[in-house]
Each structure stands twice: as C-alpha cells, then as structure tokens.
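Because the structure is a prediction, the values reported are computed rather than measured.
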Amino acid sequence: MDPNHYRFRGAWQLAAPATEVYAALEDVRSYPLWWPEIQDVRQTGEESGEVVVRALLPYRLVIELESRRQDPGAGVLEAAMRGDLNGWSRFTVTPEGAGSRVLFEEDTRPGKALLRRLALPLHPVFRANHAVMMWRGRRGLAAYLGAGAGPAGAETEAGPAANK
C-alpha cells in the first residue's frame, strides 16, 4: 500500500431534498458558512477556484479546484484538485425517501512535501483527520439547509481495507 495514496468514500443521509443539497454543494463559495474546516474560498476562473482547508491537525492545505463535471440531472459534482492535494473529488446526490443521500468519493495524493514525508507514520492520523472533517461537513450542511441530518449512524466512512 502506498502511504501517499488516499481513497475516501463516505455517505451522508440528509433530510433536505436532493435538489437543495445539490445546489448547496454546487455553491462552493458558501462552504465556509457551513463547513468549519473550509476557511476560505476564492474564485480564480470561470470553472476554477482555490480553497483553504484546516481541520484538527496543525496544518492548512491550499487546494486549487477545477470543475470537471456539473450534472444536476445525475446529481454529480466532480472537481480536479491540484496544489497541496492532487487528484479528484466527487459528490453524487440522489433522492432517498423525502430526503437525499450524498455519496462522497475522493482519490488524492499529497502535493505538500511535509505531508508526503509524514505519510508512513501518520497515515492513520491523516485518515482520522479527514473523517472528522467529513463528519463536521455533514452536520454543517444539514444545519445550513435547516433540514437536519438523516437517521443516526447514517454517515459512513470507508475503513482502511476499502481505501487501498
């Protein structure tokens, strides 16, 4: 297993309709309003921007995002990432009952030299840091939409065996 390769997959259950969830996720500029770890968002082009992320660990990441796919019909938002993280991330929003399900997928490698050097000893810590960030993102989005989260335990984060 390459300690510098991360694959994340998780699902959020939200009480809000899929169209509202998709619209909120599509509006990246609003992320700092509801996602505590997203500290700043700056648009750099028609389909690109830069986000500054800081979670529990004492480092911040600056990531350039470029839209690769925006498909409201399929509920898919996908972006290429460059900078302190390199790879891609994708949200897929689908209706589920009266609410929605958000599937988050990411395939990334650190671009920041320090993170690459620390990957082997701190791989589990980096994964835990990401899990906390995603948990807080789900809670923040639910509150932002005023709809609350889905049933308890509805959020999942794939374990190490699924993230090779």
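Summarising the local packing, CZ of R116 is surrounded by more than 12 heavy atoms from other residues, nucleotides or ligands at distances under 6.0 Å.
Heavy-atom minimum distance, A18 versus P95: CB-N, 3.8 Å. Annotation for Q43 and S48: closest pair CG-O, 3.6 Å, computed over non-hydrogen atoms.
Under the 4.5 Å side-chain criterion, counting only non-hydrogen atoms from C-beta, R7 is not in contact with E106. Between D107 and H5, some side-chain heavy-atom pair lies under the 4.5 Å cut-off. Put simply, the side chain of S100 does not reach to within 4.5 Å of the side chain of Y22, judged on heavy atoms.
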- [ ] Go through the steps for S89 and F8 under the test side chain to side chain contact (heavy atoms under 4.5 Å, CB included), then give the verdict.
- [x] CA-CA 9 Å; S89 66; F8 297 105; over 6 Å; no
- [ ] Quick one: do Y6 and H130 satisfy ring-ring contact (aromatic ring centres under 6.0 Å, His included)? Show the steps, please.
- [x] CA-CA 10 Å; Y6 296 85; H130 184 271; 8.6 Å; no
- [ ] Could you walk me through whether D40 and V51 pass the side chain to side chain contact (heavy atoms under 4.5 Å, CB included) test, one step at a time?
- [x] CA-CA 6 Å; D40 191 31; V51 296; over 6 Å; no
Task: Trace of the salt bridge (Lys or Arg N to Asp or Glu O under 4.0 Å) decision for R136 with E37 - done: CA-CA 8 Å; R136 290 179 58 165; E37 288 75 14; 3.1 Å; yes
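Taken from CG in L122 to CZ in R117, the straight-line distance is 12.0 Å, to the nearest 0.5 Å. One distance of note links CH2 of W34 with CG of L145; it measures 8.0 Å at 0.5 Å rounding. Note that CZ of R9 is 4.5 Å distant from CG of L103, once rounded to the nearest 0.5 Å. Considering CD of Q70 and CG of L25, their distance stands at 11.5 Å, rounded to 0.5 Å. Summarising the geometry, atom CG belonging to L14 is positioned 6.5 Å from atom CZ belonging to R138; distances are rounded to the nearest 0.5 Å. Taking OG1 from T92 and CG from L77, the interatomic distance works out to 8.0 Å, rounded to the nearest 0.5 Å.
Tracing side-chain contacts under 4.5 Å through hydrophobic residues (I, L, V, M, F, W, Y), one never reaches V28 starting from W88; they form parts of separate clusters. In the hydrophobic clustering of ILVMFWY residues, with side-chain heavy atoms under 4.5 Å counting as a link, V132 and F126 come out apart. A continuous path of hydrophobic side-chain contacts links V41 to M81 [ILVMFWY only; heavy atoms under 4.5 Å]. Under the 4.5 Å side-chain heavy-atom criterion for grouping Ile, Leu, Val, Met, Phe, Trp and Tyr, V62 is not connected to I38 through any hydrophobic cluster. In terms of hydrophobic clustering, with Ile, Leu, Val, Met, Phe, Trp and Tyr side chains grouped at heavy-atom distances under 4.5 Å, V76 and V21 are assigned to different clusters.
Every salt bridge (Lys or Arg N to Asp or Glu O under 4.0 Å) that R42 has, sequence neighbours left out, goes to E50. Scored by the ring-ring contact (aromatic ring centres under 6.0 Å, His included) test, W35 finds W12, Y31 as partners (sequence neighbours excluded).
Between the N4 side chain and the R109 main chain, no donor and acceptor come within less than 3.5 Å of each other. A donor-acceptor contact shorter than 3.5 Å is absent between the side chain of T108 and the backbone of L85.
Among residue pairs with one or both ends in residues 72-87, those qualifying as side chain to side chain donor-acceptor pair (under 3.5 Å) are E66-R82, R68-E78, E78-R90; sequence neighbours excluded.
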